[in-house]
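Read the structure below first, then the notes.
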Amino acid sequence: MVDHPTASWDAMQDGKVFYRRQQVYNVSNKLPRLDDFIVAGCKYGGPLALMRDTSKMVVIARGTAPVLSRSQIQLYSPAGESLLILSWDQGKVIKFGWTSDERLVLLNEEGVYRVYDLQGDYQQYTLGGEATELGVIDAHIYDNGLVAMIGNLTLLEVKGWEGGKPLALANPGLHEPPSSWTIIPPDFTISRHVEVLLSVDSTIYVVDNLENIDQRISRGPFTHLAASPNGKSLALLSYTGLLWVVSTDFQRSLAEFNTKEVLGVGGPIRQVQWCANDAVIVSWDGLVLLVGPFGDTLQYFYSGSTIVVTELDGVRVIGPDVCDFIQKVPASTLSIFRPGSTSPSATLYDAWENFSKRSPKADESIRSIRPDLATAVDECIDAAGQEWEPKWQRRLLNAAKFGRSFLDLYNPSDFVSMGQALKVLNAVRAWDIGIPITYSQYNYTSSLHLVNRLTSRNLHLLALRISTYLSLKPDAVLKHWACVKIARSKPSTAGTGRDVELQGDDEVCRSIVEKFSRLGGGSVSYADIAKKAWEVGRLDLATKLLDHEQHASDQVPLLLNMKEDRLALIKAVDSGYTDLVYHVLLHLHKRLPLGNFFRLLEDGGERLAPATRLLQVYAREQNREMLRDFYYSDDRRVESATLLLEEAANMTDQNAKITAIKAAQKFFSEDKDRAFEAKMVDENARLLVLQQQLEKDAEGRINFFGLSVNETIRTCLINGMSKKADNAKDAFKVPDKRFWYIKLYALTSIRDFEGLDAFARSRRSPIGYEVFVRHLIERGHLKEAATFVPRCDSHKRVDLYVDCGDWRAAGKECKERGDKAKMEQLRKNCPNSLVARELDQLAAGMK
Amino acid sequence: MAAPPTASSSKDEQRIPHLSRLEQDEEPGPDVSVLKEIGRKALIDSLNSVNGAKTLVLDNSIAGPLGLVTDVSLLKYHGVDKMFWLESGPLTSTTTNVVYLCRPLIRNIKIPLRADQIKRHAKESQKHIYTLILIPRVSTLVNRILEEEGVLGEINISSYNLQFIPLAEDVVSLENDNAFKEIWVDGDETSIYDSAQALVTLQKLFGPFPRVLGKGNFALRLSQLLDKESALLPTSNDPSIAFDKFDSLIILDRRIDMITPLLTQLTYEGLVDELVGIKNSYVELPQSVLAPQTGPGAQPTAGLSTSTAPGSAAGLINRDKKKKHNLSASADPLFEELRDLNFSAVGKKLNKVAHRLDEDYKRRHQAETVAQLKDFVGKLGGLQNEHQSLGLHTRLSEMLVPLTRTTEFNRSLEIQQNLLASYDVANQITSIEDMIAQGADMQVIVRLLCLASITSGGIKTKILERIKRDFLQTYGYNLIPLLLSLAAPPLCILQPNPLHSPTPYEFAASKYPFASLRKSLRLLIDDIDNVDDLENDISYVYSGYAPISIRLVQCVAQKGGVLSNPALNRANIPTEGERADGAADTRNESVKVQAHPVVGWKGFEDVLASIPGETVDFVPKGLVPANMVNPGSIVRSTYPERVLFWWADPGILASSREQTKTTTIFFLGGCTYTEIAAIRWVAKQNRGRRFLIATTGIISGRSVVERIAGVSPGSGRDASI
């Protein structure tokens, strides 16, 4: 018979609040003596990491050997099973802790940190030069990063575990190490950036990456600082033994408690931790003291020293014999099982018990809670989730099921998913799996997280079954499995020949592909698996696996590493992801001799044309030298010439510009289809030389260089160099028509109307005279415009005169032509009576 | 405690009602304003990832698009202390954080490097923290360059995934002005990839495209990328999301219809773009046009760049007192009525509105009781707004009219119309020569030359060389690369006739069958009596010429409209589609015809085949039932039975008839305002089908030519005499 749930309860605050201690595992004789070790416990029922506390070694073996640099870190599951032993051969370990995905981070005094998975594989990163130089004094490691304190007492932050660049936080300006410090992870601060709390003298400094704020507290210094899991409250323990709980903005004091008043304890306080967000745990050797929000306490005794791991809904205490979970009794459980509870859920549970005893009271009870039945059912389901014992889970679910049958409409999905969740939880809580995760933690971290944790423990079958059971994608599990399989399967056990090896590869590849297609791991990244194969030196297998990969962006980097250059480039081009193409191009450009690099592109033909074009785009901006070589080696004369022209356009030195343009001309002339361009570029060079000459003639007062032919002529005209303009016209065979326009515009712009008149008379205009009139009108020279009207076609003259504002002339014109209708029209449109009278007179003169 | 200015809840709450109002609107089409919210939120998230006050250094070309999703006050609210343009010269930053926001182009990255902004700071031991936010994603290239310059370790690089920005309720754009040049001149296909990503986002928001159609080589490329990416979309079974907004995606790459952008746009909005220039929905107008009598008054939201006047804004002094004005239909209902009208009809419309407004104002005399007066006063605000926008558009039209009276404008229009009709081509080319002699705007000449080349299959080699020579002498020899680019594959829009020997395959294939298309797609409407008649067909946007791109859209979405004028038919005899739709519709003429379901290019296969470029028509992988089609095979150029069978399934047809579906049209390489207007016209003809216009950017012939020439846009006549 399993104890009634209330058996583990302890009341607090006059019996209003209950805490319960549940024994999760019996670990007697499985763990070493905890006081000799530094311990880091992973959240969410994760493993413990233990490292020999070398400082204690020194105390015992004083004066003998120097401190061993080589040390071991042992990992234990919460059930006390040994998971892994890591040996550490680097400098002294400063700190170790766990990431959110259950990887162990070890940081040494040289600023090097490694992230180990549960298989013992690791990535190594460093905190950078400054940390190495000055040494790391201390650090705090949280789920998604770490904060390290280095030798000059400044702080470095690392975000994420991908080896991100360490970021210096604001300098707290310390002269000696703080008496204690802690951090609040970014997820729980207002600014969403990490905050560091340092206990300095009697006060607390709060440091983030911008500033350092002195909180002006006078109760310090503090020996222990602990932030609650939600980052809202802070527990501080001062030298005097006063435990003070305060909100993290130091605005509200939440509780105070003098630990010296606790009777029957000796020795120093080992840990100050939080039990969920509402109670603080203070532990001594043999005693764990739970301090509630109002200073009420509960005492839990252990037979030796303990380690306390804060969880988001409680706290795990690992003692010499047991692994316990202490938490506030959840509301639903309390509501059902609290002695004397008359809540609907308690009544429902009672009714179900009566029902199973075939007592008619059941019906009566159900009737009494009819309006609240739905909530009662929900509460029973929730309470089931809070129970550890399958028996009580089952009873509560049965009660819920019983209640549900009295409801007309009830969405059973909560019930079903709770059943599923409990099945999964009970499976992983088994001592041989050893993940004592609670329902709230499971909800918080998601089922996928749990599956990943199982996978990383090599529990592939269980992980796969759970995935299937919860209809999750099995991809991650399968991928891990395949990697492990590749790592474990030796290329060949029998025989050493290459054939055998190939066969072995085929076999492994086939079995992996088969398994994936059978279990529906459709979107597993073969590239990752292939990478694993490549890492363990199985190139053929890697190639084989890579063929199955769908995503080019995953395929390509590995292909590059495997030196499959051409294939990598083709895959990159096919992906259409230009950045990937650049990635390959830049990589190859660095690695290959230039000639080979070009040949690779040239031989690629149409298939690699997009890559070639991208290379040109890049090189045009960043590496023109290379581009020139490329065009030259590929006999691309037109492109070479264009490149030269572009460069010439940006040159300021006149002679260099002319040289560049002449060089371009040479390139064009080598291509027989580009005769026209060659001629044009040649003209351009000639023009520039002419312009240089012109500037010399003008003694540098006028800028000619770089103008177009038209502008050159125009500039000449404007500056009274009409002879030169004529020369230029001849030199560049400017057609008459264009020349006339240029001259018309130029002379008008400098108001040289005499010159214009002379020009107009010089010969018959190839562009007519109407344009003269129009242009002058446009520029506002009405009077001058009118002088050209007589040379225009006779039938347009009237309108042109009107446009010039010369109504009288227009009238006269009408009269001359005898156009009465037009006269009438003029009369109608005329602007004022003066003009009207004149027109009338003229009209009167007409027959 | 450090409390930097992050998003407080109150600000968020303010925005929520706005959102919910949008949701409440009974808008069955995809609500693209969501994209704006997404863009805004992503920007804020990127900014907030940098703690504390920051100096923002902004790429000039990104300011316009950003102005469409956010405004300065929001940036200030999220800790932006000062803003600078990304330009050379020393950077004086008072804040520790310096944030660069730009597209991952080499020249953008080089600016701060060239100016040694980072190194100098390091030397002067100023402790700055640099963050580089790249749009839309981080790039290997940038990393490489920073590495080469030795500053990679000093900069945090992150990305801001800015994709489609809604320009109107039915238009979304990537606002990438360079897309056309990058694809067809440089051969840089990045924007195709970006487009595929953005279309995937659209699918994530509004549901998958059950069918993808397209025309053009790069359209095929895009559709292949899209197919690959879409296959990875999560197949959502969540019924709470309305997940089937689209009935198809039509991808048109710009190369299949180069004629349209070369022509002068004749709708109101198009003409404003041609003559004044619209940039990211903002148009720069003289103060006198915007608000004549009083001061700035109640101008709608000013653009990002004007009101910021970033710190080192030496070059940003208000020239000619020009101000930016946001042309948007949501803020200005009158503009919604005007934007798509042929410019010749705008005057009439303005007149009508003025009369109506006048009458509305006169109501106050009729108001006798206090209640009536109160009622009137309530409307007054709306009336005044309308009054103001009426004034603006009247002044703007007045400003445009003289510009449309110039010889150059009318000459080029005349040449365009004649070329489209293939009337006396030789003479048109002479006219173009004359225009060069007169020193017309360079881009006008290039457009006309290209138009002549496309419509007549190339210009005689000798004549072309003579013209080119004139051109270069007039506008400068530095335009040789421009002429080469226009002639080179894959663009090939300025070609000699006959072509150079030996003719590469690509040249020959790219010959455009304009003459036959003119007939088969009914491009020219000959008998134009008056404008009202004209607006019975999409050709009204070019006063009698129908854009090929939109005819192709009609080939898919309004088959009847290609062959004959649907408006005329409605008055006379019902088309086949109508007959099938039941008698009820034909009895009542005012009832719009139900749009026919998308059945691909059916009926126009021959026309499509005659246009150079691949034809695309397939059902994306994820959506094909496994037993019906072998997934993964892209069906193109052919129309296998199985695909038709899949769509001929009566059940599917019936279901698609009932609800309104949205057809997305994606213009790879940009589209013009006239094309948008034409699509809106098509949308108005039927019920049961909406259009969502997606594009890499809004282009005009001017912008295309200027981009290829590398002339800074809008510099106008500077290049000529």
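Chain letters run A, B, ... following the sequence lines, proteins first and then strands; every chain starts at 1. Because the structure is predicted, anything quoted here is derived from the model rather than measured.
Proximity of A:Tyr577 to B:Arg137: side-chain heavy atoms (C-beta onward) are separated by under 4.5 Å at one or more points. Between A:Met680 and B:Ile480 the shortest side-chain heavy-atom distance falls below 4.5 Å. At least one side-chain heavy atom of B:Leu484 sits less than 4.5 Å from a side-chain heavy atom of A:Thr642. Between A:Tyr618 and B:Asp188 the shortest side-chain heavy-atom distance does not fall below 4.5 Å.
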For B:Arg469 and A:Glu677, what are the C-alpha separation, side-chain angles and deciding distance, and is it a salt bridge (Lys or Arg N to Asp or Glu O under 4.0 Å)? CA-CA 9 Å; B:Arg469 187 163 169 275; A:Glu677 280 79 9; over 6 Å; no
Candidate pair A:Val709 and B:Tyr477, rule side chain to side chain contact (heavy atoms under 4.5 Å, CB included), full reasoning: CA-CA 9 Å; A:Val709 174; B:Tyr477 293 106; 3.5 Å; yes
Verdict with supporting geometry, A:Arg613 and B:Glu189, salt bridge (Lys or Arg N to Asp or Glu O under 4.0 Å): CA-CA 9 Å; A:Arg613 289 195 291 266; B:Glu189 297 179 8; 3.7 Å; yes
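Residue B:Leu225 holds its CG atom at 7.5 Å from OG of A:Ser575, rounded to the nearest 0.5 Å. Atoms CG and OG1, on A:Leu210 and B:Thr96 in that order, are 6.5 Å from each other to the nearest 0.5 Å. Rounded to the nearest 0.5 angstrom, A:Leu586 CG and B:Arg144 CZ are separated by 4.5 Å. Atom NZ in A:Lys737 sits 10.0 Å away from atom CG in B:Asp470 (nearest 0.5 Å). With values rounded to the nearest 0.5 angstrom, B:Asn478 atom CG is found 11.5 Å from A:Glu646 atom CD. Of the inter-residue distances, the one linking A:Tyr741 atom OH with B:Thr474 atom OG1 reads 12.5 Å to the nearest 0.5 angstrom.
Between chain B and the residues A:Glu778, A:Arg774, A:Lys590, the largest count of heavy-atom pairs under 4.5 Å involves A:Lys590. The choice from A:Glu683, A:His583, A:Gln616 that makes the most heavy-atom pairs within less than 4.5 Å of chain B is A:Glu683. In terms of heavy-atom pairs under 4.5 angstrom with chain B, the leader among A:Asp574, A:Ile661, A:Thr712, A:Leu707 is A:Asp574. Of all the listed residues (B:Asn97, B:Thr407, B:Ile145, B:Leu483), the one sharing the greatest number of non-hydrogen pairs under 4.5 Å with chain A is B:Ile145.
With a 4.5 Å cut-off on non-hydrogen atoms, A:Val581 does not touch chain B at all. Neither the backbone nor the side chain of B:Val142 comes within less than 4.5 Å of any heavy atom in chain A. With a threshold of 4.5 angstrom between heavy atoms, A:Tyr205 does not approach chain B through any atom at all. Heavy atoms closer than 4.5 Å to chain A are found nowhere in B:Glu182, neither backbone nor side chain. Only the side chain of A:Leu687 has a heavy atom closer than 4.5 Å to any heavy atom of chain B. Neither the backbone nor the side chain of A:Val771 comes within contact range of chain B; no heavy atom of the residue lies under 4.5 Å from a heavy atom of that chain. Heavy atoms of A:Pro186 lying under 4.5 Å from chain B are absent altogether. Contacts of A:Ile767 with chain B are absent, with no heavy-atom separation under 4.5 Å from either backbone or side chain.
Of the candidates A:Glu711, A:Lys733, A:Arg738, A:Arg738 is the only one forming a side-chain hydrogen bond (donor to acceptor under 3.5 Å, both in side chains) with B:Gln473. With respect to A:Val617, the side-chain contact (heavy atoms from CB on, under 4.5 Å) criterion is satisfied by exactly one of B:Leu105, B:Thr190, B:Ile106, B:Asp186: B:Asp186.
In this structure, B:Glu465 does not pair ionically with A:Lys679, as no charged nitrogen and carboxylate oxygen lie closer than 4.0 Å.
Here the shortest heavy-atom pairing between B:Asn48 and A:His193 reads O-NE2, 3.4 Å. Nearest heavy-atom pair across B:Tyr475 and A:Ser708 is C-CB, 4.0 Å.
Looking only at distances, a side-chain donor or acceptor of A:Asp579 sits under 3.5 Å from a matching main-chain atom of B:Thr140.
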